[in-house]
Amino acid sequence: MFSRLATAFVLAWSAIYASAAISILAPGPDYWWVANSQNLYSWTCGPAYNGGYTNFTVLVDNPTNKALFAGPQALIAIQWDYDCSVLLPNVNQLNPGTGYVLSFADVFNQSNIIAQSQPFEVKPLGSAYAPQPSGASSAVTATATGTQTAAASSTESAKNNAVARSPVTLGAVTAVMAFVGAAMMM
């Protein structure tokens, strides 16, 4: 009896979390980066999204234009999931161009990609920054001159909003409980 109940519970929770995954919010087609400048990347974060990954390696690549970029390069060796967004210091190894992608990979096996951004552009130094994506927690304004600042509370704000973005709603919990109740009746 207990084993059927435990199995039902595990299967129900697995189904809920299987649909949740880390998504890279920025950069992307509408959220470009600026060469030789500070740039923001953000993602859906927290246990409801991370699929068991509490940290990952951040890679950048340009698979469509090997003349701009030779292959995947690590920007951050170990990025913790709970940060939700990061303002990178001057990213000077990226030349202006299109087709760049940001990937989050397993820290022990970089060929295991956890999430990948949509292709984005790196604009020349002096270009205006893109508007912030909804869900991003820090703001970078002005033009890329190397003197931009980010809101100090960006990480804390993102942590506080992570629960609000959780896909595990009261309805999902109720469904799991109903499923477990039905399993107990068997």
Side-chain angles (χ1 to χ4, degrees), residues 17-46 48-151 154-155 158 162 165 167:
Y17 281 106
S19 63
I22 294 175
S23 294
I24 298 175
L25 303 173
D30 297 325
Y31 309 111
W32 58 85
W33 279 2
V34 178
N36 300 314
S37 303
Q38 295 177 336
N39 289 287
L40 175 76
Y41 65 96
S42 63
W43 63 96
T44 55
C45 61
Y49 295 99
N50 68 21
Y53 290 96
T54 57
N55 57 41
F56 41 83
T57 298
V58 179
L59 305 169
V60 66
D61 192 11
N62 193 328
T64 60
N65 192 342
K66 292 299 180 188
L68 283 176
F69 218 67
Q73 301 289 318
L75 292 176
I76 305 290
I78 298 177
Q79 173 63 62
W80 294 99
D81 175 59
Y82 58 75
D83 286 338
C84 305
S85 67
V86 171
L87 184 65
L88 288 171
N90 291 348
V91 182
N92 54 14
Q93 72 262 38
L94 302 180
N95 295 315
T98 59
Y100 285 96
V101 268
L102 194 70
S103 300
F104 295 167
D106 185 315
V107 294
F108 298 110
N109 178 3
Q110 291 183 2
S111 65
N112 181 17
I113 302 298
I114 300 165
Q116 190 167 52
S117 74
Q118 293 182 23
F120 65 94
E121 181 178 1
V122 174
K123 295 193 178 248
L125 178 66
S127 299
Y129 280 100
Q132 293 297 308
S134 61
S137 56
S138 62
V140 179
T141 56
T143 57
T145 61
T147 60
Q148 303 79 14
T149 59
S154 66
T155 300
R165 295 189 309 263

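Basis for what follows: all heavy atoms, side chains included, without hydrogens, waters or symmetry-related copies. What you are looking at is a predicted structure, and each value in this text was computed from that prediction instead of being measured.
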Nearest-0.5 Å distance, CD of residue Q116 to OG of residue S23 = 12.5 Å
Can N62 and T64 be counted as having a side-chain donor-acceptor contact under 3.5 angstrom?
-> yes
Between the side chain of N39 and the main-chain N/O of V34, is any donor-acceptor distance below 3.5 Å?
-> yes
Just how far is it from atom SG of C84 to atom CD1 of I22, taken to the nearest 0.5 Å?
-> 10.0 Å
With distance as the sole criterion, is a donor-acceptor pair present between the side chains of T98 and E121 under 3.5 Å?
-> no
Side chain of S37, backbone of A35: donor and acceptor closer than 3.5 Å?
-> yes
Does any N or O in the side chain of D106 come within less than 3.5 Å of the main-chain N or O of F108, such that one atom is a donor and the other an acceptor?
-> yes
pair F120-W32: side-chain heavy atoms closer than 4.5 Å = no
Would you please test D61 and K66 for side chain to side chain contact (heavy atoms under 4.5 Å, CB included) and show each step?
-> CA-CA 9 Å; D61 192 11; K66 292 299 180 188; 3.5 Å; yes
Should L40 and S85 count as side-chain neighbours, where that means a heavy-atom distance under 4.5 Å?
-> yes
Residues I76, T57; criterion side chain to side chain contact (heavy atoms under 4.5 Å, CB included); working and verdict | CA-CA 6 Å; I76 305 290; T57 298; over 6 Å; no
With distance as the sole test, does N65 use its side chain to make a donor-acceptor pair with the main-chain N or O of P63 at under 3.5 Å?
-> no
Spacing of CD1 belonging to I113 relative to CG belonging to L59, to within rounding of 0.5 Å | 5.5 Å
Determine yes or no for a side-chain-to-main-chain donor-acceptor pair under 3.5 angstrom, with S117 supplying the side chain and L102 the backbone.
-> yes
With distance as the sole criterion, is a donor-acceptor pair present between the side chains of Q79 and Y41 under 3.5 Å?
-> yes
Kindly determine whether N36 and N90 satisfy side chain to side chain contact (heavy atoms under 4.5 Å, CB included), including the steps that lead there.
-> CA-CA 5 Å; N36 300 314; N90 291 348; 5.7 Å; no
Short side-chain donor-acceptor distance under 3.5 Å, Y53 and N112 | yes
With a 4.5 Å limit on heavy-atom distance, are the side chains of Y82 and T54 in contact?
-> no
Got a sec, which residues hit salt bridge (Lys or Arg N to Asp or Glu O under 4.0 Å) with D81, two or more places apart in sequence or on another chain?
-> none
Salt bridge (charged side-chain N to carboxylate O under 4.0 Å, His left out) contacts in which one or both residues fall within residues 88-99, not counting sequence neighbours | none
ring-ring contact (aromatic ring centres under 6.0 Å, His included) against F56, all qualifying residues, sequence neighbours excluded | W43, F104
Apply side chain to side chain contact (heavy atoms under 4.5 Å, CB included) to the pair L88 and Q38, showing each step before the final yes or no.
-> CA-CA 5 Å; L88 288 171; Q38 295 177 336; over 6 Å; no
